[in-house]
Amino acid sequence: MTENTAADPNFYDVHAAQEKWLPIWDDIAPFRSGRADDTRPTKYVLDMFPYPSGDLHMGHAEAYALGDVIARYWVHQGFNVMHPIGWDAFGLPAENAAIKRGANPQTWTYENIAVQKASMRRYACSFDWDRVLNTCDPEYYKWNQWLFLKMYERGLAYRKDSAVNWCPSCQTVLANEQVVGGLCERCDSQVTKKKLNQWYFKITDYADRLLDDMKQLEGAWPEKVLLMQRNWIGRSKGAEVVFDIEGRDEPVTVYTTRPDTLFGATFMVVAVDSDLAAELAAGSDTEADFNTYLEQVKATSEMDRLSTDRPKTGVFLNRYAINPVNGERLPIWASDYVLADYGTGAIMAVPAHDQRDLDFAKTFDLPIRVVVESETDPAVTGEATADDGAHVNSGPLDGLGKVEAISAMIDSLVADGKGKSATNYRLRDWLISRQRFWGTPIPIIHCEACGEVPVPLDQLPVELPDASTLDLSPKGTSPLGAADQWAVVPCPSCGASARRDADTMDTFVDSSWYYLRYLNPQLDTAPFEPAEANKWLPVDQYVGGVTHAILHLLYSRFFTKVLNDMGMVDFNEPFTRLLNQGMVLMDGSAMSKSRGNLVKLSEEIDSNGVDAIRLAMVFAGPPEDDIDWAEVSPGGAKKFLARAWRLAGDVTSPADADASTGDVALRKVTHKVVADSQLAIETYRFNVAVARAMELVNATRKAIDSGCGPSDPAVREAAEAVAIILSCVAPYTAEEMWERLGHAPAVALAPWPTVDSKLLVEDEVECVVQVNGKIKERLQVSPSISQADLEALAMGQSAIVDALAGATPKTVIVRAPKLVNIVVA
RNA sequence: GCCCCUGUAGCCCAAUCGGUUAGAGGCACACGACUUAAAAUCGUGCCAGUGUGGGUUCAAGUCCCACCAGGGGUACCA
């Protein structure tokens, strides 16, 4: 492809440059971090690690290009930057691929890792190749097990029976995120609920800290992500109220955010699928109706439950609760609009002031009592009123507003022993059991005599058995359970024959602490060294997709807080700054094979080169925005890179030329561009930084062709600045330029150009003089002119005197040195 | 339904604090130079008054309100 043009000294052969520099960089290893004698201050730049599903795709190309800009920029700024990469290598796709082809998930995974690794090397990210990790290596997942056992010791890992998402076709438990619109994401079967005994991490213990510590992240994480996390945790403040139940010894507690409306309660509702409902219905003459209704609800798919205005359904249990504030008998109903796993699974219904309760009351003709004054009558309009207002029909609360009424009611409930203030969360504990092979075995042994017994730490890791001896096809229980040779072991406690827990961990466990393992992926005495962790972490810059806005980031924050409690790290948030890059689309929609709009990264690189792809990605727009590949121009990027490269070839001054003697006009552009691009990179406006570099290239071209000429030292200064700025985005081109400019590699280690602030100051700036906002005159003034001098100067202009025509100015606004506005009424 | 984000030339995007007659950069397009010609290269040019309607202000792309359009999140959380 280069035969005809290679001889042309003005032809930039990008592919030859790629071949040329890779081995040299391998040799220099400019991005090796953490050498013992390195005195530079540290920075930690982290890219979300990939899942090895195949070769790298366009999405990876964008994400890694962006993270690399920051990492390389910080190296130029003199930091000791740790920028590691690894593979999130456990998970379903490997297992499914293995089932499909009768292969081993391990083989499939490691082959894909090798492919991705080769592509990453060619893509020239500034990764530190001495710090690589794979989560499917026993050396890694051993520490998942270790952390699990530490959590277990602290009561943070526990087992319970719970209704979990179940795919009847795949015969397996699904995580919440694997349920898409009520359907299994893999086979589109309707997902049902199943009661299973599973392992959980007690993340709810950390709900308050997960919420409150977000204050540290404000301004440094996207507001959107913080908001999503807040909503996900869903803290609400209210009260618990105790209701006696006729014919039952135990009272029932309900949770409400509006205890002030207790006088307006006209019935109680319990979740139809709760134990409480079953117990209350037992023996009642409506028990048969209840059972029919329960079966109906169970048969209702998740899909149907999602529909917005489904009519309210329910059944009366023929039981009564006693309102603690006025002794009224409240009929108890069972319904599916009350959730069994939120609050206490039972509510007091106040139809006048809660829309759902009102809908229910109207359906079943239950009484509606207004206790907060409002202009409209909910019973008539069908609209519950939830606004603040004076309380009525509420005994001692009458006349009070919402806030006072809530606290008065809580005080009164506390005094009577009938309630207290309470906080509730949407956040649930994290279900980590998976009935799958390709994951970390849970290090617990079940013994008939001793119960659940932790695997002793010195017996870790519990390694996965050889997959080739197992049937991996989904059948409702973990494939590991059938591996008797692996599963049957003596109980560590009593020595009797026992069985290993056959489930594996959710792969989100792997990614919850991997950023600590990079510190020393080979360490075999601990998951990481606390001293190293405190030196490098928290991560200064995390880069990844917004798809992980809740789960991964929440889990990582949880793990960090647990490790903090364990005394292993001295910080409590793992990621100081977070950047979410957008998606790479094609013709307006996500790329997919079935849609036929897949763009192959390898082909794009073949036609335009690595640098052009990286530049096109970075220049396409703000990093948070989606990129439509149909709208970007890798060809244009390639052209620009060649233009920059030619600049370096035109420079004729010696490498040690004194820039301070160079052409001042070009020097001003250079220093302005360096200062601007620096600010742009620090504020994630990488596209603007590239635009500034283009500006400098244009100015330098002009200087060479029709200005100070190629021998002026200012031209060298400009070309070197271009090379350094460009090295954040287009490393091959920058290195080529650096060499042509007479320097030894690597340009990546060249210090960021020092900005001479004297060159940023203009000699003169234009000042506009307005009368009533209309421009009447322009003046060339010194940038340091005083307000008073500028006003005097402006008022003295003949154009202004004419424009005023004798009128007396009402106000004169002076914004030196750029603007004077004379207001004449 | 609720919450959040975004609307600037044909297209992608710029525009610290509200401050010049909205333009840094790119794509596309047109023209010129070079060339026998083309490509490449170099140069020149082109186009909007900032989604719509109000408001605040001496001054609004920028702040406030309403609406429209596009995108995202969430879903009976009591």
Side-chain angles (χ1 to χ4, degrees), chain A residues 4-5 8 10-11 222-225 227-228 230-232 234-236 238 254-258 261 269 271 305-310 312 335-339 341-350 353-357 359-360 424-428 546 549-550 582 588 615-616 619-622 624-628 630-633 635-637 639-640 642-643 646 672-673 676 679-680 683 685 687-698 701-702 705-706 765-775 777-779 809-815 818-825:
Chain A
N4 298 331
T5 36
D8 180 350
N10 281 325
F11 176 75
E223 199 47 51
K224 180 176 152 185
V225 173
L227 189 73
M228 282 166 71
R230 277 193 197 97
N231 291 340
W232 188 268
R235 180 163 65 192
S236 78
V254 305
Y255 172 76
T256 176
T257 53
R258 293 295 303 274
T261 61
V269 187
R305 287 193 71 150
L306 284 177
S307 74
T308 342
D309 32 38
R310 206 161 53 97
K312 290 282 182 287
S335 174
D336 64 353
Y337 86 88
V338 172
L339 307 175
D341 58 355
Y342 182 78
T344 61
I347 62 150
M348 63 180 222
V350 184
H353 306 297
D354 182 283
Q355 192 59 46
R356 296 151 301 180
D357 296 347
D359 294 342
F360 192 84
N424 244 295
Y425 304 88
R426 287 184 47 174
L427 183 69
R428 300 295 136 79
V546 73
I550 296 172
L615 183 80
F619 185 55
E624 303 85 347
D625 287 7
D626 289 347
I627 294 173
D628 193 330
E631 285 165 356
V632 309
S633 169
K639 245 162 63 176
F640 163 71
R643 195 167 142 86
R646 262 181 259 119
K672 181 86 166 72
V673 162
D676 283 0
L679 178 68
T683 52
R685 286 145 56 241
N687 53 325
V688 177
V690 171
R692 289 291 171 275
M694 289 172 167
E695 202 180 333
L696 183 53
V697 167
N698 292 344
R701 178 82 267 150
K702 198 166 267 178
D705 290 349
S706 57
V765 294
E766 190 178 65
C767 173
V768 285
V769 184
Q770 304 174 327
V771 174
N772 284 341
K774 296 252 165 46
I775 293 171
E777 185 60 289
R778 289 154 197 284
L779 309 169
K810 203 168 89 183
T811 328
V812 180
I813 315 267
V814 185
R815 292 284 178 276
K818 295 178 78 178
L819 176 131
V820 175
N821 188 10
I822 302 155
V823 185
V824 195

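Here is the naming used below: chain letters follow the sequence lines, and residue numbers restart at 1 for every chain.
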Determine the Euclidean distance between corresponding P atoms of B:C17 and B:A78; express it in Å to zero decimal places. 38 Å
Categorize A:Lys312 for me: base, sugar-phosphate, or nothing, with a 4.0 angstrom heavy-atom threshold over every strand shown. base
Please report the distance separating the P of B:C46 from the corresponding atom of B:U56, rounded so that it comes out in whole Å. 38 Å
Counter-base of B:G45, judged by Watson-Crick or G-U geometry with both distances under 3.5 Å: B:C29
Identify the pairs formed between an N or O of the protein and an N or O of nucleotides 57-61 of chain B at a distance under 3.5 Å, and give each distance.
residue	atom	partner	partner atom	Å
B:C58	O2	A:Asn821	ND2	2.5

Taking the side chain of A:Arg646 as its heavy atoms from C-beta onward, which of B:U41, B:C76, B:U16 lies nearest to it? B:U41
In whole angstrom, give me the gap between the C1' atoms of B:G23 and B:A14. 7 Å
Pairwise distance CD(A:Glu777) to CD(A:Gln770) - rounded to 0.5 angstrom: 12.5 Å
Between A:Ser236 and A:Tyr425, is a side-chain hydrogen bond (donor to acceptor under 3.5 Å, both in side chains) present by the stated rule, with each step listed? CA-CA 6 Å; A:Ser236 78; A:Tyr425 304 88; over 6 Å; no
Between A:Arg258 and A:Thr256, is the side-chain hydrogen bond (donor to acceptor under 3.5 Å, both in side chains) condition met? List the steps. CA-CA 5 Å; A:Arg258 293 295 303 274; A:Thr256 176; over 6 Å; no
B:A78 phosphate, OP1 or OP2, under 4.0 Å from A:Tyr337 side-chain N/O: no
Would you measure the distance from the P atom in B:U62 across to the matching atom in B:U6 and give it in whole Å? 13 Å
Any idea which of B:G43, B:A14, B:A78 is nearest the A:Ile347 side chain? B:A78
Of all the nucleotides listed (B:G72, B:A14, B:G25), which has the minimum atom distance to the side chain of A:Asn698? B:G25
Please figure out whether A:Ala642 or A:Tyr255 has its closest RNA chain B nucleotide nearer the 5' end. A:Ala642
What is the separation between atom NZ on A:Lys224 and atom P on B:U6, rounded to the nearest whole Å? 11 Å
Report the nucleotide, chosen from B:G26, B:A24, B:A15, that has the shortest atom-to-atom distance to any side-chain atom of A:Arg685. B:A15
Side chain of A:Asp705 (C-beta onward), nearest among B:U20, B:G25, B:C42: B:C42
Say you draw a straight line from CZ of A:Phe640 to OG of A:Ser633; how long is it, rounded to the nearest 0.5 Å? 13.0 Å
Heavy atoms under 4.0 Å, any strand shown: does A:Lys702 hit a base, just sugar-phosphate, or nothing? sugar-phosphate
Figure out the CZ/C1' separation between A:Arg426 and B:C76, and round it to whole Å. 11 Å
Closer than 3.5 angstrom, by distance alone: can the side chain of A:Asn821 be matched with the main-chain N or O of A:Ile813 as a donor-acceptor pair? no
Hunt down the Watson-Crick or G-U wobble partner of B:A75, both distances under 3.5 Å, from any strand shown, or write none. none
Is any side-chain N or O of A:Ser633 closer than 4.0 Å to OP1 or OP2 of B:A28? no
Give the C-alpha distance, both sets of side-chain angles, the deciding distance and a yes or no for side-chain contact (heavy atoms from CB on, under 4.5 Å) between A:Val824 and A:Val771. CA-CA 7 Å; A:Val824 195; A:Val771 174; 3.8 Å; yes
When you compare B:G1 with B:C67, how far apart are their P atoms, in angstrom units rounded to a whole number? 12 Å
At 4.0 Å (heavy atoms only), tell me whether A:Arg428 reaches a base, stays on the sugar-phosphate, or touches nothing. base
For B:C34, decide between syn and anti, treating a glycosidic angle within 90° of 0 as syn. anti
Taking the side chain of A:Glu631 as its heavy atoms from C-beta onward, which of B:C11, B:C13, B:G25 lies nearest to it? B:C11
Please check this pair: side chain of A:Asn687 against backbone of A:Ala620, looking for a donor-acceptor N/O pair closer than 3.5 Å. no
Which of these nucleotides, B:C4, B:G73, B:G25, is closest to any side-chain atom of A:Leu227? B:C4
Any strand: nucleotide that pairs with B:G23 via Watson-Crick or wobble, under 3.5 Å: B:C13
Between B:A75 (P) and A:Ile550 (CD1): distance, integer Å: 9 Å
Checking all strands, does A:Arg643 fall into the base, sugar-phosphate, or nothing category for heavy-atom contacts under 4.0 angstrom? sugar-phosphate
Examine B:A14: is either OP1 or OP2 under 4.0 Å from a nitrogen or oxygen in the side chain of A:Asn687? Give yes or no. yes
Indicate syn or anti for B:G49, taking the glycosidic torsion and treating anything within 90° of 0 as syn. syn
Expressed as a whole number of angstroms, how long is the span from A:Glu766:CD to B:U20:P? 11 Å
Against the side chain of A:Lys818, the closest entry in B:U16, B:U41, B:U20 is B:U20
Same-atom distance (P) from B:G32 to B:G49, integer angstrom: 30 Å
Separation of B:G19 C1' from A:Glu777 CD (nearest whole Å): 18 Å
When you compare B:G55 with B:A60, how far apart are their P atoms, in angstrom units rounded to a whole number? 12 Å
Residue closer to the 5' end of RNA chain B, A:Ala637 versus A:Asn424 (nearest nucleotide): A:Ala637
B:C67: pairing nucleotide in any strand, Watson-Crick or G-U under 3.5 angstrom: B:G51
All salt bridge (Lys or Arg N to Asp or Glu O under 4.0 Å) counterparts of A:Asp341, not counting sequence neighbours: A:Arg428
Using a 3.5 Å distance criterion without hydrogens, assess whether the side chain of A:Asn231 forms a donor-acceptor pair with backbone atoms of A:Gly234. no
Taking only the side-chain heavy atoms of A:Phe619 (C-beta and beyond), determine which of B:A24, B:G73, B:G26 contains the nearest atom. B:G26
Whole-Å C1' distance, B:C31 and B:C47: 16 Å
Using a 4.0 Å heavy-atom cut-off across all strands, classify A:Asp626 as base, sugar-phosphate, or nothing. nothing
Assess, by modelled atom type and distance only, whether the side chains of A:Tyr337 and A:Asp359 contain a donor and an acceptor separated by less than 3.5 Å. no
